[in-house]
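Structure first, commentary second.
Chain A is the first sequence line, chain B the second, and so forth, proteins listed ahead of strands; every chain is numbered from 1.
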Amino acid sequence: MPAKERECQLSGSSVIVVGAGVAGLAAAFELAERGLKVEVVDRGSALGAASCSWMAGGMLAPWCERASTDESVATLGTASIAWWRSNFIGTVQSGSLVVAATRDLPELTHFAERTSHYEWVDGDRIGALEPDLAGRFRKALFFPDEAHLDPRRALPALADMLKFRGIQIRFGVDFHPANHRRSQIVDCRGLAARDVLKDLRGVRGEMLIVRSRDLTLSRPVRVLHPRIPLYIVPRGGGVFMIGATMIESESRAGASVRSTIEMLSAACALHPAFAEAEILEINADLRPAFTNNLPSVRRIGSRTHFVNGLFRHGFLLAPAMAKRVADAVSEQFRETSDADLRKRRSTRN
Amino acid sequence: MAFYGVELSSRLLLGTARYPSPAVLGEAVKASGAEVVTVSVRRESGAGRAGQAFWSFVQETGLRVLPNTAGCHTVKEAVTTAHMARELFDTKWIKLEVIRDDDTLQPDIFGLVEAARVLSEDGFEVFPYTTEDLVVADRLVEAGCRVLMPWGAPIGSARGLNNVYGLRALRAHFPDIPLVVDAGLGVPSHASAAMELGYDAVLLNTAVAEAGDPVAMARAFALAIEAGRLAYAAQPMEPRDMAVPSTPTFGKAALGD
């Protein structure tokens, strides 16, 4: 079939993306890029209302993550920095810093042994990178190529970009596949998809958002600690996201006092000025994860693809998974339309 | 070796926290040959069985589960958690932790003895996480414990056996109580050293979970534990102050003049 005819048939095909979290929005974007007609539905009342992406840290840190996860996460995640930079203007690529108190320096060495793309920096260099941390740490790891973004600005920006392309997001919709027999479905519902994906589980995370008038950071800072590892992501305007616990629990209760105290005292250990910060939000949610904590695209039946299991790497992995599912869906349309065409030709003959 | 009448052939007990993923945990458990895994029961996951997804995964390994009261700071907390664990895992076994010092996670031995008594009287079979203190161990046995789990070093510290003398004294004092070195080990030679002292078993978590390759490390520990046990049973020689040639020199042919 000539390319032109194929494009034309593809553009008429329609895909429904279920779930307007980061996985769904990125998938919708990539599907549209491939000339498909896309619609997004979400059960929440508004963007982020029913999505764990809203609670995310927004670190694009493939090499920091590499220290505690499979190499494939780093490989898939590396390309996402360029993706976010070209699709979201608020993406900041100023690296990330990993520090530890003097007594916890072995943690830093162990972290370094398990990853790459970093430089050891001394106290002076730490002070040059983050003046407010000057004199507080003797050694740190600096990952110059890493980036970060604010999920609560990135998701609306993605939604706007979709709208500009004529892709609607309908909120408050409880999707029933049976009502859409003619469409391909890309299911990005996260943990809600466990009605089909039985090996999906929720991993609880608790986080805080604070505002400090005394402190400036230019990049995410991770504090290694044997028991309470912590990261702090600057969101601009003195706002910081502090996260996050990882608990094998599917409780949707609010953050516990213990977790909150631990995270806040670790933040104060990073810089005492956090003691004076204003708490804007304390929250908890569940990350969708498969048993190996790695993401996957699965096809179930002839017209549903699932993108799920992005675990603690939603923003890092969504672009790569979106491309993967968009390729798979377009391929499926091609196969179907090739088959249709053959059928039509044979009946004509 | 038997804990509360349950015969076990593997002398390695493995914790289930801090692995990169449940899948890696599953493989590490398999590589370790462990027959018992410990699982922490936190109250926030116990309420409404919120931790069920993970626990089901652990239970599907088919291994015996030793629930623990990690993170409990008072007798009351530990007792409540133990009851929750008994209900969740349908077992009388409980690894009892009552922590006093937040920095070293050193057990509150006073609370530990009290909680051990309360739980033993209630029909639990208690595995107390304790120090190597002889008198505390004695009190725990008096409270009904038939297994003791002294630390090698603070939890997760990877320092090995901090007080070999104390551990040896404990072994000598309690020849008939199964003794398990719990916590503080970092490398397989630490585990082997514990087994060479005549300890019955070793309980590990962080040393395996936080290794770059947890599955390989689990196997390495299993081998070291087996080696240490064999060595203990083989009655190793004692250190001497002078050299003894392994080949006798007497009667050696004289060469030249």
Checklist entry - Contact part of Arg252(A) toward chain B, heavy-atom cut-off under 4.5 Å: side chain, backbone, both or neither? => result neither
Checklist outcome for this item: The interface call for Arg103(A) against chain B, heavy-atom contacts under 4.5 Å, is side chain
Next on the checklist: Let's test your reading of the structure: which of Ser68(A), Pro226(A), Gly202(A), Pro106(A) forms the most heavy-atom pairs below 4.5 Å with chain B?
Outcome noted: Pro226(A)
Checklist entry - Would you say Val187(B) and His190(B) make side-chain contact, with heavy atoms under 4.5 Å? => result yes
Checklist outcome for this item: Checked Asn292(A), Val203(A), Asp199(A) vs chain B; the most non-hydrogen pairs under 4.5 Å come from Asn292(A)
Checklist outcome for this item: Assert top hit (heavy-atom pairs under 4.5 Å, partner chain A, pool Thr206(B), Leu105(B), Val24(B)) equals Leu105(B)
Item to check | Pairs of heavy atoms under 4.5 Å with chain B: top-ranked of Arg194(A), Met246(A), Glu113(A), Arg114(A) | outcome: Arg114(A)
Checklist entry - Checking Lys95(B) against Tyr129(B): charged group under 6.0 Å from the ring centre and within 45 degrees of the axis? => result yes
Checklist entry - Using 30° and 60° as the class limits, which term best fits the ring planes of Phe57(B) and Phe54(B): parallel, tilted or perpendicular? => result parallel
Next on the checklist: Glu248(A) vs Arg201(A), test: salt bridge (Lys or Arg N to Asp or Glu O under 4.0 Å). Steps then yes/no.
Outcome noted: CA-CA 9 Å; Glu248(A) 289 289 350; Arg201(A) 77 186 196 291; 2.8 Å; yes
Item to check | Phe306(A) six-ring face occupied by Arg299(A) cation (under 6.0 Å, within 45°) | outcome: no
